[in-house]
Structures are given as C-alpha cells and as structure tokens.
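In this text, all values refer to a predicted model and were calculated from it rather than measured experimentally. The analysis underlying the following values was restricted to heavy atoms, covering all of them including side chains, and did not include hydrogens, waters or symmetry mates.
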Amino acid sequence: TLEADYFWEKRSDILGQRGATIPATVGASGGILPYENFEKVNNRGFELALGYQKELGSRLTIRARLNVSRARNTVIDIGEPADKADRIRQAGKPLYSVFGYKALGLFQSAAEIQTAYGNNYPDLKPGDIHYADLNGDGKIDGSDMTYIGNTNLPENIYGFLATLNYKGFDFSMFWQGGSGNQQLFYNWMAKPFNQAGNALNAHKDYWRADNTGAKYPRITTSSAWNYDNTSSFWLYNMRYVRLKNLEIAYSLPERWIKTIKAEKFRVYFNASNLLTISPYKEVDPENTTGNGAYYPQQIVYNFGVQLGF
C-alpha cells in the first residue's frame, strides 16, 4: 500500500509582539508590548506511508510499514525593521533559527591569532575558538553575528514497524528517527566544571599541545570567549535513529492449555530504547535543552506472561 500527502500552508495574522521592530531602549520590550495579529509564516511538507503484508503458506505472516514526513516552515514577516541586515534577518529562514558567530575551529598558534585579530585580544591563546571576522575589522562583535543553524525540532521524522508471525512465535520491532535539527549547547554541556559541577567524559578531549586536533577548546576558568558566546562551535547535528521497541513472544498451542481451561497462554520479552544511533554521544538526541538538564530516555526490559480464560 502507498499513501502520500503534500501540504503547503500560508498562515497570516499570527498573534505576536513587535519586539523585533521596537528597540529595548525605549523601555517597551518584552511582556509590555501588546499582542497583535501581524506575523506571517509559510509551511510546506509531505507525509509518505508504505505498507507491506505477505502470507507465506498458512503459518508465516510478514507485515511492515514505513512512515516518512517532512515539515519545513519559513518566516515571511515577524515585524523586523526594513534596514535590518540580511545576515541576522529572521525572514526567509525557519522559525527559531539560531544566530551567532561562525566558528572556524580552534587557534593553533599565537601567529594565527595575530593574523586574525591583530593585537585586539591579547588574552587569547592557542586552543581558543576562532570566530569569523565577517566585516574584516579585526574585532568580534555584533557586526559579525549571522545565521548559523536551525531549531532543535526535527524537520524530518521517520518510523518503521515490522512484525513477523510464525506458528506460535511472534516478533515485532519499531524504529523511529529524526533529522534536520540542531542543538545549541551551553552551560554544563560546553563548559567543564561549570558552577562547581563535574565535567563530561568527552571533555577529556580538550585542546593542549599534545592534542591539537581536540574536539573541545582549552580548559580555562578565566575566559568567557570560548563558552559564553553563541557560535556554531557549540551547534551540533542531532539526527538519530532509535530502536524504540522490540518484542519476542510465544503462544502455547490450544491443545496444551486446555487442561487448565485457558484460552491463551503467551510468554513475552520486550525492551524499549534498546539502541540509539546518533553522531552525538554525550546526551540523548531527543534532548530539547542545550544545558543537558534533561531526563534521558531509559532502557527498559520486560518479561511477562499473558494468561486468558
């Protein structure tokens, strides 16, 4: 079987505040501004479902179903001023896009720092993050902010269910996944020993002279440069595929359970969240908080008996 749907929605008069138009310096930002029906957002996407069922003989049945969906929105108008620079303009980009500095990696030498910024940042050292100086003035400030990534909500969602029945045995598994989402990490996820806390095991891969290809910048307690700036360095791809549920069971033949006058005797084992495949290993990919303060998905095992009379 095949089912397919495509949608294209143009939504207007969305309730919002004109915080993007009125500067905070007038003292009327945040919750003070009234709500108005003026925002415009377009949405488009599709949903696709493929189903398969086959009986092989009188005892074997196979069923499978694949679901794929994609939904992408584009901001048309949220009341931004006409002279706002394109690099930081929300219009034309997905809702809740991330804006910050573009990271070019980690500085490997004092000479690289000198070439990038001159003498403007004497406290920078090798192992610190190299931010792109978009306007070429040798400084990193608001003029170098730009669009760096998408929201932490997946644009693409996948699901796959398969079942198999053979004689008294039955087997099922369900996979789910998502892609097209990114997570901006900060606080404990970025800065080791933050707020007198611990460090992630991954933080051991920090920059030092004998580890110049490190994943994380040099460890320091005095520099806000590496940890307090919103940048693409801390923006991670959070796509994943997860074995959400797996079950194996066996139902005893009726002739075996007639002696106890039962209609059903089924023994089963199942597990939830048994396997997760994701490029980022330090946190649950379904985590929606950038600081890691999220109760993770638990791996659960169940063994049981179903008895019916």
Side-chain angles (χ1 to χ4, degrees), residues 1-16 20 37-55 61-80 86-100 146-164 171-185 232 235-247 272-281 283-290 294 296-297:
T1 61
L2 171 64
E3 299 174 29
D5 291 289
Y6 175 80
F7 65 90
W8 184 9
E9 177 188 62
K10 301 177 69 174
R11 181 170 294 187
S12 59
D13 294 331
I14 301 172
L15 196 65
N37 297 92
F38 71 95
E39 295 184 351
K40 298 178 182 179
V41 177
N42 288 353
N43 296 277
R44 65 171 60 190
F46 67 86
E47 296 180 0
L48 180 67
L50 296 172
Y52 175 81
Q53 179 173 323
K54 183 71 173 180
E55 293 185 3
T61 303
I62 300 174
R63 297 182 181 90
R65 185 175 179 84
L66 173 67
N67 296 281
V68 179
S69 67
R70 176 178 174 83
R72 184 176 179 86
N73 57 60
T74 304
V75 173
I76 304 302
D77 181 19
I78 58 169
E80 296 173 294
D86 288 340
R87 58 184 171 76
I88 55 174
R89 180 177 289 277
Q90 179 72 62
K93 301 177 182 66
L95 273 171
Y96 314 118
S97 293
V98 183
F99 295 85
T146 187
Y147 166 77
I148 58 175
N150 295 335
T151 173
N152 59 8
L153 301 176
E155 289 185 346
N156 310 300
I157 300 293
Y158 317 102
F160 177 71
L161 173 65
T163 64
L164 185 150
F171 167 82
S172 67
M173 64 176 179
F174 174 64
W175 293 80
Q176 72 173 43
S179 64
N181 56 315
Q182 296 172 295
Q183 180 66 64
L184 181 68
F185 288 115
S232 60
L235 195 64
Y236 285 87
N237 188 325
M238 300 301 285
R239 67 180 183 272
Y240 76 96
V241 175
R242 169 170 283 156
L243 180 54
K244 193 65 179 178
N245 187 268
L246 176 73
E247 182 167 289
S272 300
N273 305 313
L274 197 58
L275 174 66
T276 301
I277 303 171
S278 176
Y280 194 79
K281 310 298 183 183
V283 71
D284 188 332
E286 291 187 83
N287 159 64
T288 56
T289 63
Y294 172 84
Q297 303 279 344

If you count the non-hydrogen atoms of other residues, nucleotides and ligands that lie under 6.0 Å from NZ in K281, is the total more than 12?
yes
Residue set satisfying side chain to side chain donor-acceptor pair (under 3.5 Å) with E9, at least two apart, ordered chain then number -> R11, N43
Value for CE (M238) from CG (N181), rounded to nearest 0.5 Å, stands at 7.5 Å
Can you tell if the side chain of M173 reaches within under 4.5 Å of the side chain of L243, non-hydrogen atoms only?
yes
Under a 4.5 Å cut-off applied to non-hydrogen side-chain atoms, are N287 and F185 in contact?
yes
Please lay out, stage by stage, how F99 and Q90 fare under the test side chain to side chain contact (heavy atoms under 4.5 Å, CB included).
CA-CA 9 Å; F99 295 85; Q90 179 72 62; 3.6 Å; yes
Closest non-hydrogen atoms of L48 and A4, given as atom of the first, atom of the second and distance, are CD1-CB, 3.9 Å
Check whether any side-chain heavy atom of I14 sits under 4.5 Å from a side-chain heavy atom of V41, and report yes or no.
yes
Take W175 and V241 through the test side chain to side chain contact (heavy atoms under 4.5 Å, CB included) and record every step on the way to the result.
CA-CA 7 Å; W175 293 80; V241 175; 3.5 Å; yes
With rounding to the nearest 0.5 Å, note down the distance linking OH in Y240 to CD in E286.
3.5 Å
When rounded to the nearest 0.5 angstrom, what is the spacing between CD in E80 and CZ in R89?
5.0 Å
R63 side, atom CZ; Y52 side, atom OH - distance, nearest 0.5 Å
12.0 Å
Using side-chain contact (heavy atoms from CB on, under 4.5 Å) as the criterion, point out the one residue from D77, T74, I78 that pairs with K40.
D77
NZ/NE/NH1/NH2 to OD/OE distance under 4.0 Å, R242 and D284:
yes
Flag the pair Y6 / F46 as yes when their ring centroid distance falls below 6.0 Å, and as no otherwise.
no
Could you pull out all donor-acceptor pairs under 3.5 Å where a side-chain atom in residues 147-161 meets a protein atom, sequence neighbours excluded?
| residue | atom | partner | partner atom | Å |
| --- | --- | --- | --- | --- |
| Y147 | OH | N150 | OD1 | 2.5 |
| T151 | OG1 | L153 | N | 3.3 |
| N152 | ND2 | Q183 | OE1 | 3.3 |
| N152 | ND2 | T288 | O | 3.2 |
| E155 | OE1 | R72 | NH1 | 3.1 |
| E155 | OE2 | R72 | NH1 | 2.4 |
| N156 | OD1 | R70 | NH1 | 2.9 |
| N156 | ND2 | S179 | OG | 3.1 |
| Y158 | OH | S179 | OG | 2.6 |

For salt bridge (charged side-chain N to carboxylate O under 4.0 Å, His left out), just list the numbers for R65 and E3, CA-CA rounded to whole Å, side-chain angles, deciding distance to a tenth of an Å, and then say yes or no.
CA-CA 11 Å; R65 185 175 179 84; E3 299 174 29; 3.6 Å; yes
Y96, OH: over 12 other non-hydrogen atoms inside 6.0 angstrom:
no
For a 4.5 angstrom cut-off between non-hydrogen side-chain atoms, does E47 reach N67?
no
Answer yes or no: is there a side-chain heavy-atom contact under 4.5 Å between F171 and I62?
no
Check: S278 side chain, R239 main-chain N or O, donor-acceptor pair, under 3.5 Å
yes
Quick one: CG on N73 to OG on S97, what's the gap to the nearest 0.5 Å?
8.0 Å
I76 and N42: which non-hydrogen atoms are nearest, and at how many Å?
CD1-ND2, 3.5 Å
